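Lettering follows sequence order; numbering is per chain, from 1. Excluded from the calculations below are hydrogen atoms, water molecules and symmetry mates; all remaining heavy atoms, backbone and side chain alike, are included. Small disclaimer: the values here were computed from a predicted structure and weren't measured.
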Amino acid sequence: MAALRFVKVHDYLWEIPKAGGMRVPARIYASERILRELKEDQAPQQAVNVAHLPGIVKYSLAMPDIHWGYGFPIGGVAAFDLEEGVISPGGVGYDINCGVRLLASRLTYEEVAPHLERLVDILFRRVPTGVGAAGALKVSRQELRRVAVEGAHWAVRQGFGSETDLAFIEESGRMEGADPDAVSERAYERGRDQLGTLGSGNHFLEVGYVAQIFDDEAARVLGLFPGQVTVIIHTGSRGFGYQICDDYLAIMDRALAKYHIRLPDRQLACAPLRSPEGQQYLAAMRCGINFAFANRQIIAHNTRKAFAEALGMREEEVGLRTVYEVAHNIAKIEEHTIDGEQRRVCVHRKGATRAFPPGHPQIPAAYRSIGQPVLIPGDMGRYSYVLIGTEQAMQETFGSTCHGAGRQLSRRKAKKVASGRRVADELRAQGIIVRGASLRTINEEIPEAYKDVAEVVEVCHQAGISRKVAQLRPIGCIKG
DNA sequence: ATGTGC
């Protein structure tokens, strides 16, 4: 395969010109250093493959945390015309509505630190983790169909958290247009006992504190202050969303010939947005989105319980308010200005975060003066970031930015690097208490397995597609 | 990511 050509647009943006069957150019947000690494990677080729898809609008975009994924790269953004365009399960990912919630307490690091060990133990007990984790609650299939339509609203009605959480979740925690009949019985069976569970891989629940503030006004509006204890919940739709993705990949693979779609990579299986297959996937994916909203709402509730128990306080004293919750594996129909024209397009964000600007009607009224909060988790040992969306993101990236650190070591390589070490003890020596369902996951998730998220965030900040607000540092973590 | 793998 010929080497890809990267043409510099500016210091943090590179374009792969349209060639061959590409319908649009590909664009990658990266520093010189990140770009050098990407030249050795298959992920930019995946961004080029996406540029071949019918009805793609403007660019196939890649964020600085781009890495290899199923069909589409993780860290990719692509928008499609509603008439001519396609929808693809691989453009959303296996973990539909994998996302991040940030909770902010009323407590400082000094108040929580003496109880940290006990707190992490209690969190580990109240939030099931690991592959196949189950048991936070079990619902009937009929009830799970309601979850699939109502999302976090279902969870609030069942007594998990409160109404006030809902305004601070993307889509208010309930994606419209979900059709429970578009989801297989197998997906319902897998999901029944997985609500309120974390899962495995890079999913985690992290206790941290506000270590640094970059934007005083935005931090004030978000209610963040130095030393404040925070919680990040990073998980998705578990086996329920996985099964939806798997089911529709097979359906769309079979339908490719019917719609005369030719692909550079079969993993890009897709269907016209207007086709029955496309519409059914959209309706099923929205069920997966709602499952994940409910999942994180239940985990947030159990986190509040765990803090109250560990610290011997009332929940109101702990005050774990939802700052915001973002989705980072999702496809949504949104309105964007493209070449001066207002158009509705289907935006696929796979390992990318919505980053809407100040004044946008789809962000909470309380935050409208500053822009949408963007939550960027890092690795277990370093830091995570809070950013805000910008007008420039709206103009350049369909209102999108990065989503995380991105792996730099394969799981196999990470395990090799970690072998013989005591990763949990190393982290404890740095003041971070970690509990995992398996030693294997902790080894695979060592901090060195990830790129420095600060570098990824800096690219987005410098490029102007989001702005830094605060850095959070971890003190406790539970992992699958 | 995933009742991890064909």
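Whole-Å rounding puts the Asn329(A) CG to dT2(B) P distance at 11 Å. One atom, CZ of Arg411(A), and another, P of dG5(B), lie 13 Å apart when rounded to the nearest Å. Atom pair Ile96(A):CD1 and dT2(B):P shows a separation of 12 Å (rounding to whole Å applied). Per the geometry, CZ belonging to Arg440(A) stands 7 Å off C1' belonging to dT4(B), to the nearest Å. We find that CG of Asp247(A) is positioned 16 Å from P of dT2(B), with the value rounded to whole Å. In this entry the distance linking CD1 of Ile244(A) with P of dT2(B) reads 14 Å, nearest Å. When rounded to the nearest whole Å, the span between CG of Asp246(A) and P of dG5(B) equals 10 Å. Straight-line distance from the CD atom of Gln194(A) to the C1' atom of dT2(B): 9 Å, rounded to whole Å.
Nearer to the 5' terminus of DNA chain B, by closest-nucleotide assignment, is the contact made by Tyr94(A) (compared with the other of Tyr94(A) and Ser438(A)).
In this view, Arg192(A) satisfies the side-chain hydrogen bond (donor to acceptor under 3.5 Å, both in side chains) rule with no residue, not counting sequence neighbours. Partners of Arg467(A) according to the salt bridge (Lys or Arg N to Asp or Glu O under 4.0 Å) rule, which considers only residues two or more places apart in sequence or in another chain, are Asp215(A).
Among the heavy atoms of the strands, none lies under 4.0 Å from Arg192(A). Gly236(A) comes within 4.0 angstrom of nothing in the nucleic acid, heavy atoms only. Among the protein residues, Glu444(A) comes within range of no part of the nucleic acid, since none of its heavy atoms lies under 4.0 Å from any strand. When heavy atoms are screened at a 4.0 angstrom cut-off, Gly201(A) is found touching the sugar-phosphate backbone but no base atom.
Side-chain contact between Tyr70(A) and Lys350(A) is present, with at least one heavy-atom pair separated by less than 4.5 Å.
One finds the CZ atom of Phe160(A) at 7.0 Å from the CD atom of Gln158(A) (value rounded to the nearest 0.5 Å).
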